[in-house]
Amino acid sequence: MGVFITFEGPEGSGKSTQARLLYERLQAIGYPVILTREPGGTRISELIRRIVVDLRHTEMAPTTETLLFSAARAQLVSELVRPYLNTGGIVLCDRYADSTFAYQGYGLGRDLDELQAITTVATGGLMPDLTLYLDLPVEDGLRRKQVAKERSEQSAPGTTFSTPPEWNRLDARDLAYHQRVAAGFAELIRQDPDRWRSFSADQPLAELAEQIAHEVAPLLKRVTRLGVYQ
Ligand SMILES: Nc1ncnc2c1ncn2[C@@H]1O[C@H](COP(=O)(O)OP(=O)(O)OP(=O)(O)O)[C@@H](O)[C@H]1O
Ligand SMILES: [Mg+2]
């Protein structure tokens, strides 16, 4: 069994940026590693993502939203995450089941036991070995995303960004909702402190990347590097 590491945190806190930096770092030193994201990561899950994030889908019922996230997760776990872990590799995932508890549970008020049952069906009980939490005041994260979005709208066609900004249906919910999500994450961390590591996301990218690499290092002992005989 390999190592399963997830990234969590509020909108715009730098999860995708740091997930990519960690992926590149591990790959550069020869670890078998894949980077994926939720919702998404497989052909079918990316199609479900499009439905979930679409700003036009204002009528989506909370149960539908919960089940779509879970359906996308079920496909990702069975098609990609479990098979890769079974080869002994490292899976980095940009959001995972904790986001369901924070967003649909604490954010939308869905029953947490019910979410647990749905999540267990979707994942077969697969939990991360380590969850990296990027902590940033909700307003700051939303502002970062707004700035990125405006910048991309002003830029010349064809400009590419390392982290394409996406202002989606869930971002567009009100500030009180995002505050409940953040409080939900704090509660999840309190309940399972051994699995979580929390970082202030209000610091330069490179410093944050160093801190994350430091926390991940102990888990790497159980992974065999490609082309390296240990
Ligand atoms: N440490 C940082 N300091 C300042 N800006 C940052 C930092 N990390 C990321 N950013 C910028 O903030 C924006 C959001 O970053 P990113 O997309 O990585 O966050 P995210 O947590 O993945 O967001 P989302 O919730 O949309 O998935 C981007 O424009 C990114 O360049
Ligand atoms: Mg992201």
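Just follow the structure's listing: the first ligand is 1, and inside any ligand the first atom is 1. For reference, positions follow the sequence shown, starting with 1.
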Does an N or O anywhere in [X] fall below 3.5 Å from an N or O of ligand 1?
X: Ser16; value: yes
X: Gly14; value: yes
X: Glu11; value: yes

Does [X] reach the main-chain N or O of [Y] with its side chain, forming a donor-acceptor pair under 3.5 Å?
X: Arg110; Y: Pro62; value: no
X: Arg49; Y: Pro39; value: yes
X: Glu11; Y: Val138; value: no
X: Arg151; Y: Gln146; value: no

Which of the atoms of ligand 1 are close to [X], meaning less than 4.0 Å from one of its heavy atoms?
X: Ala148; answer: 29 (O)
X: Leu205; answer: 1 (N), 2 (C), 7 (C), 8 (N), 9 (C)
X: Gly12; answer: 14 (C), 19 (O), 20 (P), 21 (O), 23 (O), 24 (P), 25 (O)
X: Arg95; answer: 25 (O)
X: Ala201; answer: 1 (N)
X: Thr17; answer: 9 (C), 15 (O), 16 (P), 18 (O)
X: Lys145; answer: 24 (P), 25 (O), 26 (O)

Using 4.0 Å as the upper bound for N to carboxylate O, is an ion pair formed by [Y] and [X]?
X: Arg169; Y: Asp54; result: no
X: Arg144; Y: Glu139; result: no
X: Arg73; Y: Glu38; result: yes
X: Arg50; Y: Glu46; result: no

Exercise. With the Mg ion (ligand 2) as the centre, enumerate protein N/O/S atoms below 2.8 Å in chain and residue order.
Key: Ser16 OG
Exercise. Run the contact test for Ser13 against ligand 1 with a 4.0 Å cut-off on heavy atoms, strictly below, and give the result.
Key: yes
Quiz item: Going by heavy atoms, is Arg20 under 4.0 Å from ligand 1?
Solution: no
Exercise. Report yes or no: is the cationic atom of Arg197 (NZ for Lys, CZ for Arg) closer than 6.0 Å to the six-membered ring centre of Tyr133, at no more than 45° off its axis?
Key: no
Quiz item: Sequence neighbours excluded, which residues qualify as salt bridge (Lys or Arg N to Asp or Glu O under 4.0 Å) partners of Arg222?
Solution: Asp129
Quiz prompt | Contacts of Asp192 that satisfy salt bridge (Lys or Arg N to Asp or Glu O under 4.0 Å) - sequence neighbours left out | solution = Arg195
Quiz prompt | ring-ring contact (aromatic ring centres under 6.0 Å, His included) pairs, two or more places apart, involving residues 53-84 | solution = none
